[in-house]
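Structure first, then comments.
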Amino acid sequence: MFGCGHWNRGLFHGAAGLLGLGRGPLSFASQLQSLYGHSFSYCLMDRNSNTSVSSKLVFGEDKELLNHPDLNFTSFVGGGKENSADTFYYVQIKSVMVGGKVLEIPKETWHLSEEGAGGTIIDSGTTLTYFAEPAYEIIKDAFMKEIKGYQLVEGFPPLKPCYNVSGIEKIELPDFGILFADGAVWEFPVENYFIQIEPVDVVCLAILGTPRSSLSIIGNYQQQNFHILYDMKESRLGYAPMKCADV
Ligand SMILES: *[C@@H]1O[C@H](CO)[C@@H](O)[C@H](O)[C@H]1NC(C)=O
Ligand SMILES: *[C@@H]1O[C@H](CO)[C@@H](O)[C@H](O)[C@H]1NC(C)=O
Ligand SMILES: *[C@@H]1O[C@H](CO)[C@@H](O)[C@H](O)[C@H]1NC(C)=O
């Protein structure tokens, strides 16, 4: 079952439609489970790829992905019996690494309450990544402490910090990765967490805070060039580095 939206609001204003991939029973992904099994995956090509190339969305098992040597998994959490209609895919973060250092972030920051407040979701429909406070401040400060060589510039809200990299051949920025509570590690290439602003030679951290919410979100910008697997049979998230334009 799917239908026409007559009151499409918010960020998706003007879009021809919205394909629901959530955990709820009405989503396209959930409805297809009886046909294709309990998993789907997508591979989002990067922002700078040729626009004649499309990203891929796969319903059902993808054998090639499952055989990928660098496919890592972390468990989904929450969304249990009591709130099984919950549409989001929650993962449990333990900490975050910047420049090879594991940051000291109070573990309550990542807590998902029984009532469904807080926690971290992975979302294909949110662009940038958001971290709840105080995680965001700590992460931003860690980047600013690590980045010394470039001139800090303002004027690209809501993005910050931003740096002037005019005339710099090889831009070097700190590593960034997420550590999950079950021991899984997710390390990202720099183009997944810094945005190059054109035509000015400026790079900005593509991570924002959530001052009014305790929900953290791993957005789609951060997922570029990973094949992302939602395995609802094993209740786990898979991610494998991939040049999505070539898939
Ligand atoms: C994008 O792909 C099309 C079709 O393959 C090709 O004709 C075009 O030259 C490509 N553009 C760039 C900028 O590479
Ligand atoms: C970056 O630095 C260059 C060279 O010093 C300068 O010309 C340019 O205006 C600066 N850009 C910004 C956005 O500050
Ligand atoms: C997958 O996990 C291994 C072992 O923890 C780690 O070294 C590797 O960087 C992870 N892959 C990604 C893409 O983060």
Side-chain angles (χ1 to χ4, degrees), residues 70 72-80 88-123 126-154 156-163 165 171-195 203-224 226 228 235-241:
D70 300 321
N72 286 358
F73 291 100
T74 187
S75 298
F76 287 128
V77 297
F88 295 138
Y89 297 95
Y90 287 94
V91 289
Q92 185 64 55
I93 294 184
K94 185 168 150 217
S95 195
V96 164
M97 287 182 297
V98 172
K101 295 190 191 88
V102 178
L103 304 184
E104 283 193 27
I105 297 168
K107 70 174 195 294
E108 303 81 69
T109 317
W110 310 114
H111 184 69
L112 169 62
S113 80
E114 297 276 325
E115 297 75 42
T120 304
I121 61 169
I122 175 151
D123 188 19
T126 301
T127 308
L128 299 181
T129 287
Y130 293 79
F131 286 117
E133 296 298 352
Y136 170 67
E137 278 310 311
I138 295 169
I139 293 165
K140 179 169 65 79
D141 290 351
F143 272 107
M144 294 181 75
K145 221 169 119 198
E146 292 283 326
I147 303 170
K148 297 208 183 73
Y150 312 137
Q151 183 204 0
L152 203 55
V153 288
E154 307 225 342
F156 302 90
L159 302 175
K160 68 177 177 191
C162 295
Y163 296 91
V165 291
I171 305 164
E172 290 195 25
L173 293 162
D175 296 338
F176 176 69
I178 293 176
L179 304 175
F180 294 101
D182 59 5
V185 180
W186 193 350
E187 291 172 295
F188 300 90
V190 68
E191 57 277 14
N192 285 28
Y193 56 93
F194 270 90
I195 291 186
V203 291
C204 298
L205 183 64
I207 293 173
L208 301 177
T210 56
R212 278 177 297 280
S213 148
S214 54
L215 179 68
S216 298
I217 307 173
I218 302 172
N220 62 37
Y221 192 79
Q222 189 121 29
Q223 300 171 39
Q224 297 175 99
F226 280 98
I228 310 274
S235 188
R236 60 187 183 167
L237 171 77
Y239 45 93

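Side-chain atoms are counted along with the backbone in the values below, which use heavy atoms only and exclude waters and symmetry mates.
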Under the side chain to side chain contact (heavy atoms under 4.5 Å, CB included) test, residues paired with Phe156 that sit two or more places apart
Val153, Cys162, Ile197, Val200, Val202, Cys204
First locate atom CD1 of Ile207, then atom CD of Gln222, and finally report the distance between them rounded to the nearest 0.5 Å.
5.5 Å
Indicate every side-chain donor-acceptor pair of residues 138-149 with a distance under 3.5 Å to a residue at least two apart or in another chain.
residue, atom, partner, partner atom, Å
Lys140, NZ, Glu137, OE1, 3.4
Glu146, OE2, Lys101, NZ, 2.7
Lys148, NZ, Lys145, O, 3.2

Those residues at least two apart in sequence (or on a different chain) that pass ring pair (Phe, Tyr, Trp, His ring centres under 6.0 Å) with Tyr163 are none
Kindly write out the residues that satisfy side chain to side chain contact (heavy atoms under 4.5 Å, CB included) with Ala240, not counting sequence neighbours, or none if the list is empty.
Leu65, His68, Leu71
Among pairs that include at least one residue of residues 205-218, which meet salt bridge (charged side-chain N to carboxylate O under 4.0 Å, His left out), considering only residues two or more places apart or in two chains?
none
Counting distance only, does the side-chain N/O of Gln223 pair as donor-acceptor with the main-chain N or O of Ile228 below 3.5 Å?
no
To the nearest 0.5 Å, what is the distance between CZ on Phe226 and OH on Tyr239?
8.5 Å
Minimal heavy-atom distance between Leu208 and Pro158, with the atoms involved, is CD2-O, 3.3 Å
Please state whether the rings of Phe76 and Tyr89 are parallel, tilted or perpendicular, taking 30° and 60° as the class boundaries.
tilted
Do you know which of Ile105, Ile217, Ile93 makes side chain to side chain contact (heavy atoms under 4.5 Å, CB included) with Phe131?
Ile93
Just checking Tyr193 against Phe188, ring centres under 6.0 Å apart?
no
What one should report as the nearest heavy-atom pair of Asn192 and Gln224 is ND2-O, 2.9 Å
State which residues pass side chain to side chain contact (heavy atoms under 4.5 Å, CB included) with Ser213; sequence neighbours excluded, sorted by chain then number.
Thr210, Leu215
With rounding to the nearest 0.5 Å, note down the distance linking NZ in Lys94 to OG1 in Thr74.
11.5 Å
Minimum heavy-atom separation for Trp110 and Ser216, please, with both atom names.
CZ3-OG, 3.8 Å
Using modelled atom types only, decide if a donor and an acceptor are shared between the side chain of Thr109 and the backbone of Pro106 within a distance under 3.5 Å.
yes
